[in-house]
Amino acid sequence: LAGWWTRDTEGDGSRVGSALKFRFHNPAGDEIGGFDMNVVELTPARIVWSVIGGPAEWIGTKISWNLKQEDDYVIVLFRHEGWKEAAEFMHHCS
């Protein structure tokens with residue numbers, strides 16, 4: 001996970017109910033924000049996180065990855081859904 005989004009990552013995400021923490025820093029090293037997630041679904045074909053901490057518009061949203069095999073490739077379908085309203089930050093994340 002640290003190679004995907006931010007290096008300041010805690011948690012392993014290897015079981016339902018586990019917690020993940022992502023933190024972001026400016027070039028000076030000061031923390032400028034973060035997100036907390038809980039793993040709510042974990043199968044070989046689907047992973048779902050529920051956002052429990054971070055910007056208010058993110059809380060209660062769900063992030064999912066649906067995986068499927070096609071020949072020698074794995075197709076990853078990413079979704080971030082459950083936004084209460086369309087906000088500028090939502091469009092940045094989409």
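No experiment lies behind these values; they were computed from the predicted model shown.
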- OG1 on Thr9 to CZ on Phe24, rounded to 0.5 Å: 7.5 Å

- Task: Enter the distance from His80:NE2 to Trp58:CH2 here, rounded to the nearest 0.5 Å.
- Result: 5.0 Å

- Query: Lys84: what forms a salt bridge (charged side-chain N to carboxylate O under 4.0 Å, His left out) with it, not counting sequence neighbours?
  - Reply: none

- Task: Tell me whether Val51 is reachable from Val16 by hopping between hydrophobic residues (I, L, V, M, F, W, Y) whose side-chain heavy atoms are closer than 4.5 Å.
- Result: yes

- Going hydrophobic residue to hydrophobic residue with side-chain gaps under 4.5 angstrom, can you get from Leu77 over to Val48? no

- Note on the structure: Smallest heavy-atom separation, Ser18 atom then Gly13 atom, equals OG-CA, 3.4 Å

- Could you tell me which non-hydrogen atom of Val40 sits nearest to which non-hydrogen atom of Ser50, and how far apart they are? CG1-CB, 3.8 Å

- d(Asp72 CG, Glu70 CD) to nearest 0.5 Å is 11.5 Å

- Query: Taking only residues two or more places apart in sequence or in another chain, which ones pass salt bridge (charged side-chain N to carboxylate O under 4.0 Å, His left out) with Glu10?
  - Reply: none

- Task: Enter the distance from Ile32:CD1 to Asn26:CG here, rounded to the nearest 0.5 Å.
- Result: 5.5 Å

- Grab the two heavy atoms, one from Gly34 and one from Pro55, that are nearest each other, plus how far apart they are. O-CD, 3.9 Å

- Message: Are Trp65 and Val74 linked, directly or through intermediate hydrophobic residues, by side-chain heavy-atom contacts shorter than 4.5 Å (ILVMFWY only)?
- Response: yes

- For Asp36, the side-chain hydrogen bond (donor to acceptor under 3.5 Å, both in side chains) test, sequence neighbours excluded, returns Arg23

- Polar side-chain atom of Gln69 near backbone of Asp71 as donor-acceptor pair, under 3.5 Å: yes

- Item | Closest approach of Ile52 to Ile59 (non-hydrogen atoms, all atoms of both residues) | O-CD1, 4.0 Å

- Quick one: pull up CH2 in Trp49 and CZ in Phe35 and give me the separation to the nearest 0.5 Å. 11.5 Å

- Message: Under 4.5 Å between side-chain heavy atoms, counting indirect links through other Ile/Leu/Val/Met/Phe/Trp/Tyr residues: same cluster for Val76 and Ile47 or not?
- Response: yes

- Identify whether Leu67 and Met37 are in the same connected component of the hydrophobic contact network (ILVMFWY, side-chain heavy atoms under 4.5 Å). yes

- Shortest non-hydrogen contact from Val39 toward Leu20: CG2-CD1, 4.1 Å

- Task: Any chance you could measure Arg79, atom CZ, to Ile63, atom CD1, to the nearest 0.5 Å?
- Result: 12.5 Å

